Amino acid sequence: MRSLIDIIDFELSELEDLLALAEGIIDRPGDFSKSAEGKILATLFFEPSTRTRLSFESAMLSLGGGTLGFSDSASSSTTKGESLRDTVRTVGCYSDIIAMRHPREGAATLAAPAAGVPVINAGDGGHCHPTQTLGDLLTLRREKGKVDGLTIGLCGDLKYGRTVHSLINALRLYSGVKLVLVSPKELALPEHIRGGALASMAWSETTDLDEALPGLDMLYMTRVQGERFDDPREFERLRDSYILTAEKMRRAPRDMIVMHPLPRVNEISTDVDSDVRAAYFRQVQNGKYARMALLLAVLQGRYPERAAPPLRHDHVCKNPRCITHLERGVIESFTGQDGELRCYYCEAPVKQ
Ligand code: NCD
């Protein structure tokens, strides 16, 4: 059965099929209220989360299934020194599907083959967050009627913001999408996205949100990810780089929507909430429906499994946040051609 580790595991036709299924669920929720009866979702959250975990649990309960899990690695056997692969292998014996979040990049890629049941990546460090993207795409479809041809501003922490990374990887599949990247230089988009998805897209980059606003169909605000900074002073300096206010919204087009994966800290002032263009709480609701569609599709084996890419084992990953540096006994693995080799787990490029 297919797992969802990275949004690129799905082709455009599969993503569109999932989003159509989510819209079917929104229109006729009663038809799906027993669809996962007798099935168990395990939510393994090694990193704090409220909305994503509750969104998964709410999605499973609304499909008639059950849930179990933990929301803090301190309450799992990780504290006894158990490996990630042993944990998921054990939990795979108690459940039909696993949603996991982990602070290390590449954790879900490593865990999935050990689980024995499909694994859904609910966020791996600063790497990716594909189920947030499903909710984001559903929001675009419902708010803007389409994704093709939109001009999308991505603002804030583009370096550590995993929601942005997965969203860009998905937007690349649509035609005519233009990206405007708005961030301080220190929080600019990482190399693996620039060399990957971005290379085939139309995009521009600025540090000035005011300058970008008038040309956008959607503005995606993000929180500066304090927990991923090595230097707390650097975080203090950058945390309030952008604050969207009702005053700034006057510069934005009348039909531009504002999205945010939440939680919001300071980056959207509460005076924007009453603006009809503020779509972030509708986005939360869509996230649940997108997860319902995903759980259902994966449990039904709707999409066939895909073959793993060919791997090489002749390097060592240099990304200190990669799961390979935490888990014992991992065989370092790399994909891609010479010159653009990247870690199979965290996707960090190998500098050659
Ligand atoms: C995001 C995440 O965890 O990456 N939140 C979420 O899943 N809703 C964004 C964030 O934490 O800033």
Side-chain angles (χ1 to χ4, degrees), residues 4-7 22 41 43-60 69 71-73 99-108 119-140 152-170 182-184 187 189-190 192-193 218-229 235 238-244 258-269 278-292 294-295 321 323 346-347:
L4 172 59
I5 305 300
D6 195 328
I7 201 74
L41 163 73
T43 53
L44 308 188
F45 279 63
F46 298 88
E47 187 185 69
S49 155
T50 8
R51 78 211 65 245
T52 303
R53 183 173 55 81
L54 294 182
S55 174
F56 268 108
E57 293 186 0
S58 172
M60 191 59 170
S71 53
D72 175 1
S73 59
M100 63 169 277
R101 170 170 287 194
H102 198 282
R104 288 292 182 131
E105 301 177 6
V119 170
I120 297 177
N121 183 6
D124 59 329
H127 182 220
C128 61
H129 191 352
T131 64
Q132 177 66 43
T133 301
L134 295 177
D136 296 347
L137 294 175
L138 185 59
T139 303
L140 284 174
I152 292 178
L154 300 164
C155 177
D157 187 347
L158 309 187
K159 179 177 180 187
Y160 298 119
R162 56 191 171 195
T163 61
V164 166
H165 304 162
S166 290
L167 184 57
I168 295 176
N169 277 327
V182 186
S183 77
L187 298 179
L189 207 61
H192 73 89
I193 309 276
M218 186 270 268
L219 171 63
Y220 196 93
M221 293 296 293
T222 60
R223 174 179 70 90
V224 176
Q225 310 275 300
E227 67 276 31
R228 310 216 188 280
F229 280 68
F235 170 57
L238 295 170
R239 61 185 302 167
D240 289 331
S241 297
Y242 302 99
I243 301 178
L244 186 68
V258 182
M259 292 172 56
H260 189 304
L262 304 183
R264 132 180 81 178
V265 188
N266 250 350
E267 56 281 353
I268 303 180
S269 145
Y280 29 93
F281 288 107
R282 300 192 288 277
Q283 187 184 354
V284 174
Q285 185 74 66
N286 290 329
K288 173 187 162 174
Y289 289 119
R291 291 186 176 98
M292 284 177 78
L294 177 68
L295 289 171
R321 296 183 186 83
I323 186 68
C346 70
E347 292 191 89

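Order of listing sets the numbers, starting from 1, for every ligand and every atom in it. Just so we're clear, the structure is a prediction, and the values are computed from it rather than from any experiment.
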Between H127 and H192, how do the two ring planes meet: parallel, tilted or perpendicular, split at 30° and 60°? tilted
Report the relative orientation of the aromatic rings in Y280 and H260; use parallel for angles under 30°, tilted for 30 to 60°, perpendicular for over 60°. perpendicular
G123 near ligand 1, heavy-atom distance under 4.0 Å? no
Take T222 and E267, measure what side chain to side chain donor-acceptor pair (under 3.5 Å) needs, and give me the verdict at the end. CA-CA 7 Å; T222 60; E267 56 281 353; over 6 Å; no
Polar-atom distance check: P263 versus ligand 1, any N or O pair below 3.5 Å? no
So, regarding Q225 and ligand 1 (criterion: nitrogen or oxygen to nitrogen or oxygen, under 3.5 Å), is there a contact or not? yes
Do NZ/NE/NH1/NH2 and the carboxylate oxygens of E47 and R162 come within less than 4.0 Å? yes
Looking at F56, I'd like to know if the NZ or CZ of R291 sits under 6.0 Å from its six-membered ring centre while staying within 45 degrees of the ring's axis. yes
Contact region, E47 to ligand 1, non-hydrogen atoms below 4.0 Å, reads neither
Side chain, backbone, both or neither: which applies to T163 and ligand 1 if a contact is any heavy-atom pair less than 4.0 Å apart? side chain
One should read off an interatomic distance between S166 OG and D124 CG, to the nearest 0.5 angstrom, of 8.0 Å
The closest protein heavy-atom partner of atom 6 (C) of ligand 1 is L262 O, 3.4 Å
So which heavy atom in the protein is nearest atom 11 (O) of ligand 1, and how far is it from that ligand atom? R223 NH2, 2.8 Å
Ligand-residue contact atoms, ligand 1 with Q132, heavy atoms, under 4.0 Å: 6 (C), 7 (O), 8 (N)
For T52, the ligand 1 atoms with a heavy-atom partner under 4.0 Å come out as 6 (C), 7 (O), 8 (N)
What are the two closest non-hydrogen atoms of Q283 and T139, and how far apart are they? CA-OG1, 3.4 Å
Have a look at R162, R51, H129 and point out the one with the heavy atom closest to atom 7 (O) of ligand 1. H129
